[in-house]
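As a basis for the values below, the full set of heavy atoms in this structure was taken, side chains included, without hydrogen atoms, waters or symmetry mates.
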Amino acid sequence: EAWAAGIPVVSTQIGAEGLPGVPGEHLIIADEPEDFASAVVNLLQDSSSRYAVGNAGRLLYERELTWASAWTRLDRVGL
């Protein structure tokens, strides 16, 4: 939902399992509480990073996670 809204994502490694995002590009991975808090504060304070991560997540969502993208992939394999 965050990617769909263009909101940057901070997650733990376990929380991001199975997601197609690239850490540092589509989302920020932080496993330790201090690192997690620091990543959130950094995004709140740095509007260019906040926009870059949020926008990259939104584009990934549109390319990989919408119904339209799923149907396109299924059409390619002939289903």
Side-chain angles (χ1 to χ4, degrees):
E1 289 178 14
W3 279 341
I7 297 171
V9 173
V10 178
S11 179
T12 63
Q13 190 71 38
I14 290 173
E17 278 185 9
L19 295 176
V22 175
E25 182 179 349
H26 304 107
L27 71 160
I28 307 299
I29 300 293
D31 288 315
E32 299 301 320
E34 297 84 11
D35 297 335
F36 197 98
S38 178
V40 171
V41 168
N42 181 55
L43 288 171
L44 289 171
Q45 293 177 339
D46 184 354
S47 61
S48 63
S49 291
R50 186 172 61 244
Y51 175 79
V53 174
N55 190 54
R58 171 67 189 188
L59 294 173
L60 176 68
Y61 165 80
E62 290 173 0
R63 188 177 65 243
E64 300 287 330
L65 301 171
T66 62
W67 282 109
S69 65
W71 286 117
T72 299
R73 283 193 304 279
L74 288 173
D75 285 343
R76 281 190 216 135
V77 296
L79 295 179

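- Nearest heavy-atom pair, W3 versus P20, reported as atom, atom and distance to 0.1 Å: CZ3-CD, 4.2 Å.
- Once rounded to the nearest 0.5 Å, the distance linking OG1 of T12 with CD of E32 reads 10.5 Å.
- A continuous path of Ile, Leu, Val, Met, Phe, Trp and Tyr side chains, each step under 4.5 Å between heavy atoms, connects L65 with L27, placing both in one hydrophobic cluster.
- Side-chain contact between I28 and P8 is absent, with no heavy-atom pair separated by less than 4.5 Å.
- Remark: the backbone N or O of E34 is not paired with any side-chain donor or acceptor of S38 at under 3.5 angstrom.
- Of all heavy-atom pairs spanning H26 and A56, the tightest one is CD2-O, 3.3 Å.
- The shortest non-hydrogen separation linking S11 to A16 is OG-N, 3.4 Å.
- R58 and G6 get closest at one heavy-atom pair: CB-CA, 4.0 Å.
- L44 is connected to V10 through a chain of hydrophobic side-chain contacts under 4.5 Å among Ile, Leu, Val, Met, Phe, Trp and Tyr, so both are in one cluster.
- In the hydrophobic cluster analysis, where Ile, Leu, Val, Met, Phe, Trp and Tyr join through side-chain heavy atoms closer than 4.5 angstrom, L74 is grouped together with W67.
- Both V53 and V40 belong to a common hydrophobic cluster when Ile, Leu, Val, Met, Phe, Trp and Tyr are linked at side-chain heavy-atom distances under 4.5 angstrom.
- The CG atom of N55 sits 13.0 Å away from atom CZ of R50, with the distance rounded to the nearest 0.5 Å.
- One distance of note links CZ of F36 with CD1 of I29; it measures 9.0 Å at 0.5 Å rounding.
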